[in-house]
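Here is the structure we will look at.
Side chains included, hydrogens not; waters and symmetry mates left out as well; all remaining heavy atoms used.
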Amino acid sequence: MKMKQTIYQTLLHWLARITAADPGLTRLLNATKATLSVISSVLTTNLLLDWLDYSLITVPIFSGIVGLLGVFAVFDDTSQKQKVTTLLLALSSGITLTIGAWTSSYFHLSDVAILSVVFLAFYLSRYGSRYFSLNMIGFISIYFSTILGVQFNDLPIYFIGIAIGVFYAYFYKFVLLQNKPENVLKRSMTSFHIQTNLILSRVIHIIQHPYEDESQLRYLNRNVLKLNEYARNIAAQLGDVDPYDVWEGITANQLRLYVFDVQMLMETLTPTIKKLKEQEALSHNEVQKALVQLIQSTRDVKVLRHHNVLDQLLEAEKSVQQLRTVAQEINQQEYDEWLFLLRRLNTMANHVIEGAFELHEVRHKNIERTNKEEAPDDPSQDEEQEGLEPTTKKALQALLAGALSIALGYLLTPTHQYWILLSAFIVFMGTDTVGRTFIKANERTIGTIAGAIVGFGVSLVLTGQSTWQVAFIFLCIFMAFYLFNVSYSLAMFWITMIIAMLYDLLLGGITYHLLLARVLDTFLGAYIGFFSAALVLPNKTREKVTDTTLSFLDSLSKYIETYLMGLKGKNTTENLTEIAFDLDQSLHQFKIDSESIRKRPARFSRSDIERWLTILVATNYYAKHLNATRGHEPNIDSDLKETIDHIQAHVNHNIAAISEMLRTKRHQTIYDLEHDRERIERYPDQDNDLSKRIFVYKLYYIWRINQSLVLLAQDMGAPISRPPE
C-alpha cells in the first residue's frame, strides 16, 4: 500500500513538473498546431492527387512544408497582421516557386534569384517582420523547386498544394487552436502556481530532513530560477491582456504585485533555509514545526483558482503569527543570527499573505470597471544610427555568405548545390551579434551531427515502410517545434531526422555518403555564416552587452528614484513593481547577449563579463528586496530627509557616471556612501521605534546597491571618492 502511494505521489510530482515546464502551455499548443497543419496538408493533398489520378509525391510534401511555415514563420505583433501575412504566404510561395521552375533551365539564373531573396529577406525586415516571412517562404520555395526539378506543367497542382497548406495553417492557428491571451495568461498562472508548490514541497522536505545532503538545495535553486522565468513571462503578458477579463476585479498592477511577492518569497526561502540548516536551527522542534506550518498553509492558498479562499488565508495568517511568536520566545542572545533569518522569512510571507488578502477582497467586490486610460501609442522614435542600418548590414552579410555557400555547393555537392546555403541562411535568423551567430552555428552543427547519426539508423530500419516513415516524420515535427525554444540543438536533432527520412522517401533511399555530405554542408554553411557576420560590418557582442547594461542602469536609476521619493512621502506616477520586472528583463537579456563571451574557454574577457554578470545579479537582488520592504514608513525628520536627498543625488550620479564610462570609455569619479551609512545606522538608537529600525533595513539595500555600482566602476578603472558633505 505504501509503495502504491509512493508511486502515485511520484507520478503526480512529475506530471506537475511537466505541466509547469511549459508556462501557458504555449509550446505544446504551437507544436500541436504545426504538426496538425502538416498532417492535414499532406493527407488532404494526397487524397486530392489520388482522386485526380495524379502521381507526384513531392506535391503533398511541399504542401506540408507550406502548412508548417504558415504556423511558425509568421512573426507579426498582432493577430490581425498575422492573418494577412499568412494569406500572403500563398502568393509569395506561388510566385517564387514559378521563378524557381523557370530559372532552373538557365545557367546560374536560379542562383541569382535565390540570392536576391536572401538579401531581401533581411533588408526588407526593417519595414516589418511580414517581409521577412514572405521572403523566407520564397527562399524555401525556390530551394525546393531547384533540388526536385519542379516542371512548368506541374505548377498548377503545386499551387493547389500551396493553397491547402496555407488554409490549414490559417485554420489551426486562428480558428481551431487560436491563441487567446486570456487563456494563455490563465495557463501561465497555473504553471506559476504549480512551480511554486513544487518549491514549497521541497522546502518542507528539507526542513523535516535537515541532515540530508546538499543536493536538495541545488535542486531548489534550479527550480527558483525557473520560477523567475515564469514570473517574467507573466509580466510580459500583462501588456496584452487585462487580468480583469480572466479574474473579475483584479487589475494588472495587483496581479503583478502578487506575482512579484511570491517570487521574492521563493528567492528568499532558498538562501534562508540553507543558512538555518547550516546553523542547526532546523533541529529546534518549535522552529521546525512553525516553519512547516507556515509553508504548508502558504502552499494551500489558491488565490486565483478558488472563489472561497478566506479560510485558507486566515490559516496562513495564523501560521505567520505562530512563527513570530516562536521567534520572540527564543533566547535572542544565544540565537541572534538565525532569529534575524526567521524574521526575514516572516516578513516576506506576510507580504504574500497581505497581497493575497487584497486580491481576495478586490475580486469579491462587485465594482464597476472604470474607463481605462489608454496609454498613447509610443511612435517609433528610433535613434539615428551612424553608418548602415542593422538590417542592411545583415543583408550584406547574408549575401556574401550565400554567394560563398553556392560556390562551395557546386564544388563539393553539385547535385545539391543549395545545401550549404540553406544552413548559412538559417544561422542568420534571429541573431543580431557575432557571438549569437557563433553560438547558433555551434548548436546547429551539434544537433545536425547527432540527428544525422540517429536518422541514418532509423531510416535503415524503416526503409520500405512508408506508413511508418510518414508517422515518424510527424513525430519528429512535433518534437522539433516543441523543443525549439528550449534548445536549438535538440530542435536541429529532430529536424535533421526529418530530412533524413524525407530523402529516403523522395530520393529512393539514403546512403552513408549522402548523409555525410549533409553533415559537411551543414558545418560549412553554419561557419560561413559566422565568418561573414564576423568580418563584414560586424555587430560586436561587446557593443550589444554594453547597450544592455545601459538599459539595466537606466531602469535601476528610475527604480531608486521612485523608491526614495516614496520613502520621503512624495507621490510618483511610476509603478515600482513594473520597473522591478524591467530590471529582471534587462538582466535576462544581459545573460543572453553575453552568453557567447562567457562560454569562451581560457579567455580574460570571459572572467571580465562573468564579473559584470555577478555584480548585476547582486544589484538586481538588492533592488527587488527594496520593493519587498514597501510600506510602514516612519516619520522622519528634516535632517534625515536631507541625508536621503544626499544619498539619492550620489547614487544617481554614480549610475550616470558608469553609463558615461560605458559610452565614452572616459573615467568618471564614483562616490561611496560609507558616511551616510554610519549616520543612518545610528538613527534608531535614539529610541526603540520599530518603524525606524525597518527604515534602516530599507536603506541598507540602497547602500548595497551602491556598493555593487562601486565595484563595477572599480573594474572599469574609475577612481572612488567620499562624497562632499
Please report the closest heavy-atom contact between [X] and [Y], naming both atoms and the distance.
X: V301; Y: L313; answer: CG1-CD2, 3.6 Å
X: V617; Y: K591; answer: CG2-CE, 4.3 Å
X: A290; Y: Q322; answer: CB-CG, 4.4 Å
X: R299; Y: S201; answer: NH1-OG, 3.1 Å
X: I495; Y: A480; answer: CG1-CB, 3.7 Å
X: L294; Y: A349; answer: CD1-CB, 3.9 Å

Rounded distance (nearest 0.5 Å) linking atom [atom1] of [X] with atom [atom2] of [Y]:
X: R187; Y: E182; atom1: CZ; atom2: CD; result: 11.0 Å
X: I702; Y: I560; atom1: CD1; atom2: CD1; result: 5.0 Å
X: E578; Y: L583; atom1: CD; atom2: CG; result: 12.0 Å
X: I199; Y: I204; atom1: CD1; atom2: CD1; result: 12.5 Å
X: K277; Y: I206; atom1: NZ; atom2: CD1; result: 6.5 Å
X: H205; Y: R202; atom1: NE2; atom2: CZ; result: 6.0 Å

Quiz item: If you measure only the distance, is there a donor-acceptor pair under 3.5 Å linking the side chains of Q237 and S188?
Solution: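 A pair is found: one side chain offers a donor N or O, the other an acceptor, under 3.5 Å apart.
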Quiz item: Are T548 and D593 linked by a side-chain donor-acceptor pair shorter than 3.5 Å?
Solution: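 Note: T548 and D593 side chains meet the donor-acceptor criterion.
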Do [X] and [Y] touch side chain to side chain, with heavy atoms closer than 4.5 Å?
X: F581; Y: V259; result: yes
X: N485; Y: T26; result: no
X: L291; Y: L276; result: yes
X: S297; Y: K318; result: no
X: L709; Y: L553; result: yes
X: F192; Y: V262; result: yes
X: D582; Y: Y559; result: no
X: Q263; Y: D584; result: yes

Practice problem: Decide yes or no on side chain to side chain contact (heavy atoms under 4.5 Å, CB included) for L712 and T619, but give the supporting numbers first. | Solution: CA-CA 10 Å; L712 184 60; T619 305; over 6 Å; no
Practice problem: Describe, in one word, how the ring planes of Y488 and F484 are oriented to each other, choosing from parallel (under 30°), tilted (30 to 60°) and perpendicular (over 60°). | Solution: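 Ring orientation, 0 to 90° scale: perpendicular.
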Practice problem: Under the side chain to side chain contact (heavy atoms under 4.5 Å, CB included) rule, what do R436 and I592 come out as? Steps first, then yes or no, please. | Solution: CA-CA 8 Å; R436 290 303 303 167; I592 294 173; 4.1 Å; yes
Self-check item: T196: which of N223, V224, L227, L265 passes side-chain contact (heavy atoms from CB on, under 4.5 Å)
Solution: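 Running side-chain contact (heavy atoms from CB on, under 4.5 Å) over N223, V224, L227, L265 with T196 returns exactly one hit, L227.
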So, [X] side chain and [Y] main chain: donor-acceptor pair closer than 3.5 Å or not?
X: T32; Y: L28; result: yes
X: Q288; Y: I207; result: yes
X: K173; Y: V71; result: yes
X: H193; Y: M189; result: yes
X: Y230; Y: S191; result: no

Practice problem: With side chain to side chain contact (heavy atoms under 4.5 Å, CB included) as the test, would you mind laying out the steps for D554 and L550 before giving the verdict? | Solution: CA-CA 6 Å; D554 182 59; L550 288 170; over 6 Å; no
Practice problem: Dump the intermediate steps for ring pair (Phe, Tyr, Trp, His ring centres under 6.0 Å) on F590 and F552, then the final yes or no. | Solution: CA-CA 9 Å; F590 181 93; F552 179 89; 8.2 Å; no
Practice problem: Run the numbers on F481 and N30 for side chain to side chain contact (heavy atoms under 4.5 Å, CB included), then give the verdict. | Solution: CA-CA 8 Å; F481 291 97; N30 288 336; over 6 Å; no
